[in-house]
Amino acid sequence: MTTDSVIADGVARLEGTLASQMVQSVQQQLPGLTSGAGTIETAFDHYAPISGPPRLRPRSGPDPFNPVEYLLRLQSKRASC
């Protein structure tokens with residue numbers, strides 16, 4: 001959400017809040033949107049509760065709460081080293 005914007009001497013300055021999960025996406029898009037001339041400065045402002053159900057993501061490694069799967073996957077990793 002933009003809270004302040006100023007355009008002067010060919011320079012645009014936007015201030016506002018942005019969800020932390022969006023910062024990397026904006027950083028990646030900025031060079032294309034500004035012909036490489038844009039910069040971004042970010043600072044943490046506050047925590048805010050999320051709405052809706054919490055997002056789930058699949059586990060990236062073996063589940064330590066499933067000892068059989070966990071030990072088998074650890075063992076197979078050691079064998080491949």
Side-chain angles (χ1 to χ4, degrees):
M1 168 190 350
T2 303
T3 58
D4 188 27
S5 61
V6 177
I7 300 175
D9 298 323
V11 175
R13 178 184 171 113
L14 305 174
E15 292 184 18
T17 57
L18 178 68
S20 59
Q21 69 182 20
M22 299 298 299
V23 172
Q24 187 176 13
S25 175
V26 172
Q27 287 173 328
Q28 291 172 346
Q29 294 177 46
L30 192 61
L33 295 171
T34 64
S35 300
T39 61
I40 185 170
E41 182 178 320
T42 60
F44 179 79
D45 184 60
H46 66 279
Y47 288 101
I50 62 169
S51 60
R55 295 183 183 167
L56 300 176
R57 66 178 178 93
R59 186 174 292 280
S60 59
D63 182 358
F65 297 108
N66 181 341
V68 173
E69 175 195 353
Y70 185 74
L71 292 173
L72 284 173
R73 291 190 65 187
L74 284 181
Q75 187 177 27
S76 67
K77 280 187 175 186
R78 287 184 190 164
S80 65
C81 291

For residues 49-57, dump all side-chain donor-acceptor pairs below 3.5 Å to protein atoms at least two apart in sequence or in another chain.
unit_1: R55; atom_1: NH1; unit_2: Q21; atom_2: OE1; d: 2.9

How would you list, by chain and number, every residue that makes a ring-ring contact (aromatic ring centres under 6.0 Å, His included) with F44, sequence neighbours excluded? Y47
Taking all non-hydrogen atoms of both residues, which atom of [X] and which atom of [Y] are closest, and how far apart?
| X | Y | value |
| --- | --- | --- |
| P31 | Q28 | CD-O, 3.5 Å |
| L14 | S5 | CD2-CB, 3.4 Å |
| I7 | A12 | CG1-CB, 4.0 Å |
| G38 | L30 | C-CD2, 3.6 Å |

side-chain contact (heavy atoms from CB on, under 4.5 Å) between V23 and L18: does it pass, once the steps are laid out? CA-CA 7 Å; V23 172; L18 178 68; 4.0 Å; yes
Report the distance from atom OG1 of T17 to atom CG of D45, rounding to the nearest 0.5 Å. 7.5 Å
Is there a path from I40 to M22 through hydrophobic residues (I, L, V, M, F, W, Y) whose side chains come within less than 4.5 Å of each other? yes
Holding to side chain to side chain contact (heavy atoms under 4.5 Å, CB included), I want the full list of residues that pass it with [X], two or more places apart in sequence or in another chain.
| X | result |
| --- | --- |
| D63 | R59, F65, N66, E69 |
| L72 | V68, Q75 |
| E41 | none |

Going by the salt bridge (Lys or Arg N to Asp or Glu O under 4.0 Å) test, which pairs reach into residues 5-14, not counting sequence neighbours? R13-E15
For residues 9-37, which residue pairs qualify under ring pair (Phe, Tyr, Trp, His ring centres under 6.0 Å), counting only residues two or more places apart or in two chains?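 Qualifying pairs, neighbours excluded: none.
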With a cut-off of 6.0 Å (strictly less than), are more than 12 heavy atoms of other residues, nucleotides or ligands near CG of L33? yes
Determine which pairs satisfy side chain to side chain donor-acceptor pair (under 3.5 Å) with at least one residue from residues 29-40, sequence neighbours left out, and list them in order.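 Non-adjacent pairs meeting side chain to side chain donor-acceptor pair (under 3.5 Å): S25-Q29.
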